[in-house]
Enquirer: 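Could you have a look at this structure, given as structure tokens, before my questions?
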Amino acid sequence: MSERQEHFMAMALALAAEAAAAGEVPVGCVITDGAGAVIARGRNRREARRSVTGHAEMEALEQACALRGDWRLEDCTLYVTLEPCPMCAGAMILSRLGTLVYGAREPLTGSCGSVLNLFAENYPGSTAVYGGVLAEESAALLREFFQKRR
């Protein structure tokens, strides 16, 4: 785990905390370009938007593509606090995302190895995947959120 990965994951955690404060499941996401500049941010807004696609990753991917004027994100890195679901993993694969860095594992829908690993399939492109970055901080935020809801 590098300082760079921790730095951007801390930004994603701040977005996850914003989501929790708004009553959303606390997941945050940041995308950087090849130079390491933040080009997109996202947080869960599924309840606010009443949309199944209101995930942090989807919001950030849309922003990144709009900013770049292209759907291809080969030189980008996406940092997200929770292991992506199949929908988000699929969008990353289809965008040809260069690198994915995630925090906590997701035993119910995780698609980087917890339930299945979409990134190990024979899709075009090749996304490098790194998990466990600030995983405990990400998991603690999720635990706290769900304890308050019960």
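For clarity, every value in this text was computed on a predicted model and none was experimentally measured. The first residue in the sequence is number 1, and the count goes up from there.
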Enquirer: Under 3.5 Å, side chain of E144 to main-chain N/O of L141, donor-acceptor pair present?
Expert: no

Enquirer: What distance separates L78 CG from L97 CG, expressed to the nearest 0.5 Å?
Expert: 5.5 Å

Enquirer: Answer yes or no: is there a donor N or O on one side and an acceptor on the other, between the side chain of S111 and the main chain of T109, under 3.5 Å?
Expert: yes

Enquirer: Any side-chain heavy-atom pair from V115 and L108 closer than 4.5 angstrom?
Expert: no

Enquirer: Rounded to the nearest 0.5 Å, how far apart are SG of C29 and CG of L82?
Expert: 11.0 Å

Enquirer: Are side-chain heavy atoms of V133 and F8 found at a separation under 4.5 Å?
Expert: no

Enquirer: Would you call R68 and D70 a salt bridge, using N to O less than 4.0 angstrom?
Expert: no

Enquirer: Please tell me if the side chains of H55 and V27 come closer than 4.5 Å, counting only heavy atoms from C-beta onward.
Expert: no

Enquirer: Return yes if some donor-acceptor pair links the side-chain N/O of E24 with the main-chain N/O of A48 below 3.5 Å, else return no.
Expert: yes

Enquirer: With no hydrogens and no angle check, is any side-chain donor or acceptor of N44 less than 3.5 Å from a backbone partner on P26?
Expert: no

Enquirer: If I take atom OH from residue Y102 and atom OG from residue S138, how far apart are they, to the nearest 0.5 angstrom?
Expert: 11.0 Å

Enquirer: Can you tell if the side chain of T99 reaches within under 4.5 Å of the side chain of T127, non-hydrogen atoms only?
Expert: no

Enquirer: Return the minimal non-hydrogen interatomic distance between M9 and V80, and the atom names on each side.
Expert: CE-O, 3.3 Å

Enquirer: In Å and rounded to the nearest 0.5 Å, what is the CE to CE distance from M92 to M58?
Expert: 9.0 Å

Enquirer: Give a yes or no on whether I31 and L67 share a hydrophobic cluster (residues Ile, Leu, Val, Met, Phe, Trp, Tyr; joining criterion: side-chain heavy atoms under 4.5 Å apart).
Expert: yes

Enquirer: Drop me the distance from T77's OG1 to Y79's OH, to the nearest 0.5 angstrom.
Expert: 4.5 Å

Enquirer: Give me the atom names and distance for the closest heavy-atom approach of L15 to G28.
Expert: CB-CA, 3.9 Å

Enquirer: Please give me the minimum heavy-atom distance between A40 and A60, naming the atom from each residue.
Expert: CB-O, 3.2 Å

Enquirer: Look at the side chain of E59 and the backbone N and O of R45, then say whether any donor-acceptor pair between them is shorter than 3.5 Å.
Expert: no

Enquirer: List the steps and the verdict of side-chain contact (heavy atoms from CB on, under 4.5 Å) for W71 and L61.
Expert: CA-CA 9 Å; W71 57 268; L61 286 165; over 6 Å; no

Enquirer: What about M11 and Y130, same hydrophobic cluster or not, with Ile/Leu/Val/Met/Phe/Trp/Tyr joined at side-chain heavy-atom distances under 4.5 Å?
Expert: yes

Enquirer: Would you say that L134 contacts L13 through its side chain, given a criterion of any heavy-atom pair below 4.5 Å between the two side chains?
Expert: yes

Enquirer: Partners of Q147 by side-chain contact (heavy atoms from CB on, under 4.5 Å), sequence neighbours excluded?
Expert: none

Enquirer: Going by salt bridge (Lys or Arg N to Asp or Glu O under 4.0 Å), name the residues that satisfy it together with E62, two or more places apart in sequence or in a different chain.
Expert: none

Enquirer: Flag the pair R96 / P124 as yes when at least one side-chain heavy-atom distance between them is below 4.5 Å, and no otherwise.
Expert: yes

Enquirer: Any donor-acceptor pair under 3.5 Å linking the side chain of T32 with the backbone of A37?
Expert: no

Enquirer: Between S114 and E83, is any side-chain donor less than 3.5 angstrom from a side-chain acceptor?
Expert: yes

Enquirer: Roughly how far apart are C76 SG and I39 CD1, rounded to 0.5 Å?
Expert: 4.0 Å

